Structure formats: structure tokens, C-alpha cells
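This is a predicted model, so every value here is computed, not measured. The figures here come from the full heavy-atom set of this structure, side chains too, leaving out hydrogens, waters and symmetry mates. Reminder, nothing fancy here: chain letters follow the sequence lines and each chain counts from 1.
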Amino acid sequence: MAKITPRASDYSRWYLDIINHAKLADYAPVKGCMVIRPNGYALWENMQRVLDQMFKDTGHVNAYFPMFIPESFLKKEAEHVEGFAPETAVVTHGGGKQLEEPLIVRPTSETIIWDMYKKWIQSYRDLPMLINQWANVVRWEMRTRLFLRTTEFLWQEGHTAHATAEEAEAETRQMLDVYAHFAEEYMAMPVIKGRKSEAEKFAGADVTYCIEAMMQDRKALQAGTSHNLGQNFAKAFEVRFQDRDGELKHPYSTSWGVSTRLIGALIMAHSDDQGLILPPRLAPTQVVIVPIARDEDERASVLAAAENIQQQLKGVGVRVKLDDDPKQKPGWKFAEYELLGVPLRLELGPRDVAGEQVMVARRDIKGKTALPLDGLAESISALLESVQQGIFERARDFRDSHIFEASSYDELKTIIGEEKGWVKAFWSGDPEDEARVKEETKATIRCIPFDQPETLGSCIVSGKPARYQVLFAKAY
RNA sequence: CGGGAUGUAGCGCAGUUUGGUAGCGUACCUCGCUUGGGACGAGGGGGUCGCUGGUUCAAAUCCAGUCAUCCCGACCA
């Protein structure tokens, strides 16, 4: 079995080796595109299932809009077209004939959805409109990386319309909270909630909120975004509703999304040189049972005990796999399931059966311990929670110990230059100061955290009075 | 899209300088023996050497073009 490139020696190769060895994805014949393999797709399905329920619990419904968008639609919102035009794929022919109007393959669906909202929204009684769609989108990127940035990717995009600015703002913040909750409680990935600077926000939005996570190479990854679009799209698509007071008004809108990029985030947040490490709440297989036997008699009794355990665990809702493949030896299976990131491995041999116990190995920490078969379902459930907590805390401690408060621009340059981590510092709010940091250090303002100190100092770049404390970092 | 590197069996690589008809490890198949951290022995199958064209009696090897991937930049979720 080929070895995974150590994370410390080449982070990029480590990341790609994990994807390759864990069979999460493969390169497609088309530049920048990937095939999400069953192991990767199972992860996505689990993410989808959890998020979809969260969306429904907050009142949203699913729909599906076409992937082809008339070129003219994109042009209706000035900033939006400016942001997306360079990275769109355009269909010019269909059925062997040139099309009268080229079709854009959606990079995002604001325009086609708002064209429909125009038909569906007439009265305040039609609001709020709370629609989500699960879809693929295409953005013609120059440089791609599996999961993190591919030409085509899968995501969900929520598009809502509201009667008031306050409602739209509340929705935008609510969905950011949903994403943060999902990232932390399910992906076990700590995130910082904040607002994007004008330079970093979504093209067409008034305000963009985001959650930012730190990867193990200390770079930042935007894991989810939620936009308050104001009345921009309503105006561009001439959508109006008659309010209670009889006045015609433009509704306020939001959009929010997370993508298969989250799979990349999950890999980079937790995994090690042995392979993937998956949080139990999202792991397609939470527990694997590896039976050990030397002859047929032993095998019969061990398998019977293993099946018993499997049934017990299934009974309490644990996703458990019994690997009774006689062609592979236990040692091989140990290594294999570590590579696949299965949170808990149970080793069951004749000695264990005799002693009414099972050996359990956690994926997140070294070592094995014996657990009595009596009450196993409860102890395994507790252990899964413990792994979930353990990897979250490890990621949080890692992040917290790699965020540095810098008080001088030189200090910022050193921290960023030596790739020590993120820099927390004061910023004037002036785009010129922000641009200078990006120009000179390659670091960008990842977000203006919601969490702001009581008092602000002076801008780390210009020395002007600061408006915010922000996070600077190199980003994916 | 610029600079650098790499494309040879599923995976990891050698062979390219100096052209002579392709090899190693691993994985795979068969049999035996094995099973508590990626066992061992014997036998076996698998590659139009990224692709296209050119030079040559002869090309993995030389030349041109092209595609893809990785790293570093510019652009982005």
C-alpha cells in the first residue's frame, strides 16, 4: 500500500493523497472537473440530510430552477455581472443550431430565480418567500483543487424574499447561524462568524456574512456565506409587492450557500498522516467491527459474537459495519479503516469472546482499550460523542493557538510571512489599507468578526483610528 | 494565463543523457500456508510508455505541437 505523503512535508500532496487513498474523488476527463466517488458522495449525502432538515426546520422549502440562464439575465444587476461574467461557461449552440441568445450555465441562480419571483410575488401575503435548491453550478476557475475549487461543484443555494429590510437581515443572520451550528456541531469544525469587507463581499450583495475556519496549514477557508442582497435584485428584475398600506414596494432579499467545498474543509480540519478522520455525526460508517480468528471454530464463535454486537449497535442507531471478509488480515483492515476515517474500530477475537469484552480503538487518538460487552451499545454511543467532542476541541485549540494579535504592521508581515497563522488586528475600514496588506503580504481580511472588543486602537496599516478589529489570513 | 516540475501496469517508481521493440515494488488472479498492526512461498494475468504529428531501417528515448496534473504567482467559494 502506497504511503500518504506526510502532512508536514508537503501539505498539498498530503491532502490529495488522502482524497485518493480514501477514494473520495478522482479527476474527470474534463479540465477542472472531478468525479465524487461513493465514499465522498456518502459524506455529501450526510451533510445534505442534516442541512436540509435544518433548512426545513427554519421554514424553507426546496425547489429546482434550470441550470441554463439567458445571458441577458446576468447583465441586469450591474455588480453581479461584473463579479461573474469572467468565470461563466456559455452555451451558444443547441440542436445543431446557433442559439438566438446564448445561455449561461449558472454560476449561481439569483437572476433566474428573481425572474420567477417577479411572477410569484404580488402581495405582502406572498412574503416571505423561502426557497432553497440543491444544485450543481459552474464557475470557470483558472486554478482548481479537488473539492476546494472545481469548475463544477454541488451546493445548496437559499433565495428568500421579505417585506422589510429587518426581516431580510434577520434571515441572513439566522442562516449564518445555521451554517455555524452545522460546522461546529456536525463537522466538528470551529468557525468564526463575521462580515466580509466591501472588497471581499458577494457581487450584488449589500452585506455578506461568512463563517471562516482554520485548516491545519493555518490557512483560512470560507466555509459558508450568507448575503443580504437588499433590494438589488428586486429592483433589477422589477419585482414589487403591494404592502398592507397599499403602497407598491420592492421586496428585500437574501441568498446563502454551502458547497461540496465543505468536504475539503472536513478533510483539512481533522485528518492526519494515517488518513481521514471523520466526525462521528457525519461519518458514513461510525463503527467498524474487525473479527479475528485462526480457524473455522474460532471464526464461527467470533462471527456470532460480532453479529450480536452489530445488531445491538444498529438497535441504538449506530451506523456499523462488520467486515468479515476472510481474504484480508486484521492488521490490513486496521490500517484500511484508519485511512477511511472510521471513528471507532472494534477488534473482536477469541480472547475477547471468552472474556466477554471487545477491544476498541478511537481514530482520533492512539491506543486501544477493552470494553465489556455488557452495556456496549451505551458505551459505544458515549464514545462516539467523545470522539466528536475530541476532534472539535483539538481543532479549536489548534485554531486558537494560531491566532495572533498584532500591534504593528511589521509584526503582521512576520506572522503572515512565516505562515504562523492568522492575525487579529485593527483596521481603519479604508479599502486602501486593506489593499496594501493584500498586495504586500497576500493575506486578506477574512472577516470582521461579530465579536468586537470594547475599545479600538489604531489601524495596523495606516495608524488611522480603527473602525474594526479584523482577521487577516491567507485563504483558500 | 506567466514561471518551474511531472505524465511509463490500479498505485508508487526506474529506464530517456548515449534510439534496438519495456522493467521493479505493490495491488490483482490460482494453489498452499496463514489471521491480535498492512504475513509468507510457488505460479500467473495486465502497459499502442498522456495524446497527435514528424525524423529514422527502428522512438518510452530525438524534434514539434497539444492535453492533463502538481508547486509558485495573477483570479475566485
Under 4.0 Å: is that the gap between some side-chain N or O of [X] and OP1 or OP2 of [N]?
{"X": "A:Ser259", "N": "B:A77", "value": "no"}
{"X": "A:Arg145", "N": "B:C71", "value": "yes"}
{"X": "A:Arg143", "N": "B:C72", "value": "yes"}
{"X": "A:Tyr337", "N": "B:G38", "value": "no"}

Which comes earlier along RNA chain B counting from the 5' end, the contact point of A:Glu347 or that of A:Phe147, where each point is its nearest nucleotide? A:Glu347
Of A:Leu146 and A:Arg446, whose nearest nucleotide on RNA chain B comes first from the 5' end? A:Leu146
Over 12 non-hydrogen atoms of neighbours within 6.0 angstrom of [atom1] in [X]:
{"X": "A:Glu356", "atom1": "CD", "result": "no"}
{"X": "A:Arg436", "atom1": "CZ", "result": "yes"}
{"X": "A:Lys424", "atom1": "NZ", "result": "no"}

Check each of A:Lys366, A:Arg362, A:Arg345 against A:Glu338 using the salt bridge (charged side-chain N to carboxylate O under 4.0 Å, His left out) test, and report the only one that passes. A:Arg345
As a test of understanding, state which of A:Arg394, A:Arg363, A:Arg7 forms a salt bridge (charged side-chain N to carboxylate O under 4.0 Å, His left out) with A:Asp272. A:Arg363
Just by distance, no angles: are the side chains of A:Asp10 and A:Thr5 close enough, under 3.5 Å, to form a donor-acceptor pair? no
From [options], pick the nucleotide closest to the side chain of [X]?
{"X": "A:Pro330", "options": "B:C11, B:U35, B:C70", "value": "B:U35"}
{"X": "A:Asn20", "options": "B:C28, B:C11, B:G38", "value": "B:C11"}
{"X": "A:Lys368", "options": "B:G37, B:U35, B:A77", "value": "B:G37"}
{"X": "A:Arg351", "options": "B:A77, B:G36, B:C71", "value": "B:G36"}
{"X": "A:Phe334", "options": "B:C70, B:G73, B:G37", "value": "B:G37"}
{"X": "A:Arg13", "options": "B:C13, B:U35, B:C28", "value": "B:C13"}

Are the side chains of A:Met189 and A:Glu184 in touch, meaning some heavy atoms are under 4.5 Å apart? no
Does [X] reach a base, just sugar-phosphate, or nothing at all? Heavy atoms under 4.0 Å.
{"X": "A:Asp10", "answer": "nothing"}
{"X": "A:Gly264", "answer": "nothing"}
{"X": "A:Phe202", "answer": "nothing"}
{"X": "A:Thr151", "answer": "nothing"}
{"X": "A:Pro350", "answer": "base"}
{"X": "A:Leu16", "answer": "sugar-phosphate"}
{"X": "A:Lys442", "answer": "sugar-phosphate"}
{"X": "A:Gln222", "answer": "sugar-phosphate"}
{"X": "A:Arg345", "answer": "base"}
{"X": "A:Arg299", "answer": "nothing"}
{"X": "A:Lys31", "answer": "sugar-phosphate"}

Base-pairing mate for [N] - Watson-Crick or G-U, with both contacts under 3.5 Å:
{"N": "B:C13", "result": "B:G23"}
{"N": "B:C28", "result": "B:G44"}
{"N": "B:A59", "result": "none"}
{"N": "B:C51", "result": "B:G65"}
{"N": "B:G73", "result": "B:C1"}

Quote, to the nearest angstrom, the [atom1] distance that separates [N] from [M].
{"N": "B:G41", "M": "B:U48", "atom1": "P", "result": "30 Å"}
{"N": "B:A77", "M": "B:G2", "atom1": "C1'", "result": "24 Å"}
{"N": "B:U69", "M": "B:U56", "atom1": "C1'", "result": "32 Å"}
{"N": "B:G10", "M": "B:G46", "atom1": "P", "result": "13 Å"}
{"N": "B:A58", "M": "B:G65", "atom1": "C1'", "result": "23 Å"}
{"N": "B:U6", "M": "B:U52", "atom1": "P", "result": "22 Å"}
{"N": "B:G3", "M": "B:U21", "atom1": "C1'", "result": "37 Å"}
{"N": "B:A42", "M": "B:A27", "atom1": "P", "result": "15 Å"}

Over 60° means perpendicular and under 30° means parallel, so tell me whether A:Trp155 and A:Phe153 are parallel, tilted or perpendicular. perpendicular
In whole angstrom, what separates [X]'s [atom1] from [N]'s [atom2]?
{"X": "A:Lys327", "N": "B:U34", "atom1": "NZ", "atom2": "C1'", "value": "15 Å"}
{"X": "A:Tyr15", "N": "B:U69", "atom1": "OH", "atom2": "C1'", "value": "15 Å"}
{"X": "A:Arg149", "N": "B:C71", "atom1": "CZ", "atom2": "P", "value": "13 Å"}
{"X": "A:Arg261", "N": "B:A77", "atom1": "CZ", "atom2": "P", "value": "8 Å"}
{"X": "A:Leu266", "N": "B:A77", "atom1": "CG", "atom2": "C1'", "value": "17 Å"}
{"X": "A:Glu298", "N": "B:G36", "atom1": "CD", "atom2": "P", "value": "11 Å"}
{"X": "A:Met142", "N": "B:C70", "atom1": "CE", "atom2": "C1'", "value": "19 Å"}
{"X": "A:Glu296", "N": "B:C33", "atom1": "CD", "atom2": "P", "value": "13 Å"}

Would you say the side chain of A:Glu338 and the base of B:G37 hold a donor-acceptor pair, judged only by whether the two atoms sit under 3.5 Å apart? yes
Taking donor-acceptor contacts at under 3.5 Å, does the side chain of A:Lys333 reach the base of B:G36? no
In terms of side-chain geometry, is the basic nitrogen of A:Arg218 or A:Glu419 positioned less than 4.0 Å from the acidic oxygen of its partner? no
